[in-house]
2 protein chains.
Amino acid sequence: MNDESDASPLTGDDLATWAALATVLEWLPPALDAGLARDVDLTHFEYGILYALATSPERTLRMSVLAGYANSSLSRLSRAATRLEGRGWISRTRDPADGRSTLALLTAQGLEVFERATPLHERNVRALVLDPLTSAQKQQLRAISERIQRAIRENGGWAPR
Amino acid sequence: MNDESDASPLTGDDLATWAALATVLEWLPPALDAGLARDVDLTHFEYGILYALATSPERTLRMSVLAGYANSSLSRLSRAATRLEGRGWISRTRDPADGRSTLALLTAQGLEVFERATPLHERNVRALVLDPLTSAQKQQLRAISERIQRAIRENGGWAPR
DNA sequence: CCTCTTTAGTTGCTCAGTCAAGTTAATTCA
DNA sequence: TGAATTAACTTGACTGAGCAACTAAAGAGG
């Protein structure tokens, strides 16, 4: 697995680190989705939307604010909202105070789904991420993740529109 | 291995760790793709295919083996191969030794693209992941990633088909 | 006021990925 | 040997996401 020394090839420990992370980036999201998708019919992304609404005053948020909380583009959120609305889990109304804005509201039914989904989701996160790690590793992972986030922001900073 | 009780909501340090990782899971892949997509017309996943082929004897691999290297389902790989073949970067032929198998070969043109893409990709990986971290953190990240991989495998093990 | 621009969201088009069904080639074993 | 099974892909139908174009409502400037 080690090889030539051109301009700057990734080798040795760096390569191993990157390969290990790359596999996690590929596997973890679908693994997390799998549980939720099987038990409730919900992706991790959709769960995040319900979570943001459920923990908001009035269970209501403007779409653009919700997009921020969900790390999402407005377009992606809009489509997800259409799906969730179709299932009766959220509803959208025009903001009376500013006709351009749309207010998303978690319905009673949506809240129920959220409450059913939450323990499943947390069990997943624990089983796949938190429980296998030592306390020290969890601290490390947090610091590392925050550092990488910063690097992303600084390097042409990718952010959803 | 753990402090917080198993049935209760994520809180405190655990929540912070999870939130930090979740954001990385959401942001890092598109951030990595952005550079490659802009400069060469290649996703990170497609780059992985070229990489696997370029570093193989004869620059050739059976599709199913390649799928393993690329962490991919055969179906996903097959579609990606169709795209890459359309651009003349790989070619597929039936394996003479076993007519069920397909051999994917990196073409000269494909190799050229790979060699152009490699420094860009590595610059990305370094800028976003490796350079911001200390040596100790890189070691930690590797160990953590490997541990999470194992947890995924053990928990109903998600693996691409 | 009446344009001109900006803000907030939605939607048409296209593409990548999943699942399941289909195809062709090897294997098994009765 | 020949029918049934398994293996290795490929493909059709469908879904989710991105980009860019579009609509509607504020706000700004003259």
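Note: hydrogens, waters and symmetry copies are ignored here, and every other heavy atom, side chains too, is used. Predicted model only: the values in this text are computed from it and were never measured. Proteins get letters first, then strands, A, B, ... in listed order; numbering begins at 1 in each.
Side-chain proximity of B:R76 to the nucleotides C:dT18, D:dC9, C:dG9 is greatest for C:dT18. Residue A:S75 has its side chain nearest to C:dT11 when only C:dT11, D:dA8, D:dG16 are considered. Distances were taken from every side-chain heavy atom of B:R83 (C-beta onward) to each of C:dG9, C:dA16, D:dA25; the shortest belongs to C:dA16. Distance from the side chain of B:F45 is smallest for C:dG17 among the nucleotides D:dA8, C:dG17, C:dT10.
Rounded to whole Å, atom C1' of D:dA7 lies 15 Å from atom CE of B:M63. One can place CZ of A:R94 at 13 Å from P of C:dA8, the figure rounded to the nearest angstrom. Between A:L66 atom CG and C:dG9 atom P there is a gap of 10 Å when expressed in whole angstrom units. The separation between B:E85 atom CD and D:dC9 atom C1' is 13 Å, rounded to whole Å. If you take NE2 of A:H44 and P of D:dA17, they are 13 Å apart, rounded to a whole angstrom. Atom CG of A:L77 and atom P of D:dG16 are 14 Å apart (whole Å). Taking atom CZ of A:R62 as the reference point, atom C1' of C:dT10 lies 16 Å away to the nearest angstrom. Rounded to whole angstrom, the span from the CZ atom of B:R79 across to the P atom of D:dA13 amounts to 11 Å.
One N or O on the side chain of A:T107 and one on the backbone of A:W89 form a donor-acceptor pair closer than 3.5 Å. Judged by distance alone, with hydrogens and angles left aside, the side-chain atoms of B:Q149 form no donor-acceptor pair with the main-chain N or O of A:T23 at under 3.5 Å.
By the 4.5 Å heavy-atom criterion applied to side chains, A:N124 and A:H44 are not counted as neighbours.
The side chain of B:T102 places an N or O atom within less than 4.0 Å of a non-bridging phosphate oxygen (OP1 or OP2) of D:dC9. Taking only side-chain nitrogens and oxygens, B:S64 comes nearer than 4.0 Å to OP1 or OP2 of D:dC9.
Contact annotation for B:D95: no contact, since no heavy-atom pair falls under 4.0 Å across all strands. Here B:S78 lies in heavy-atom contact (under 4.0 Å) with a base.
Mapping A:R100 and A:A81 onto DNA chain C by nearest heavy atom places A:R100 at the nucleotide closer to the 5' end. Along DNA chain D, the nucleotide nearest A:G99 and the nucleotide nearest A:A80 are compared for position; the residue whose nucleotide lies closer to the 5' end is A:A80. Along DNA chain D, the nucleotide nearest to B:D98 and the one nearest to A:T43 differ in position, and the one closer to the 5' end is contacted by B:D98.
For B:R92 against D:dT10, no side-chain N or O and base N or O form a donor-acceptor pair under 3.5 Å.
The one candidate from A:V40, A:V125, A:L42 that meets the side-chain contact (heavy atoms from CB on, under 4.5 Å) condition with A:L120 is A:V40.
In this structure, the separation between CH2 on B:W27 and CG on B:L32 is 14.0 Å, given to the nearest 0.5 Å.
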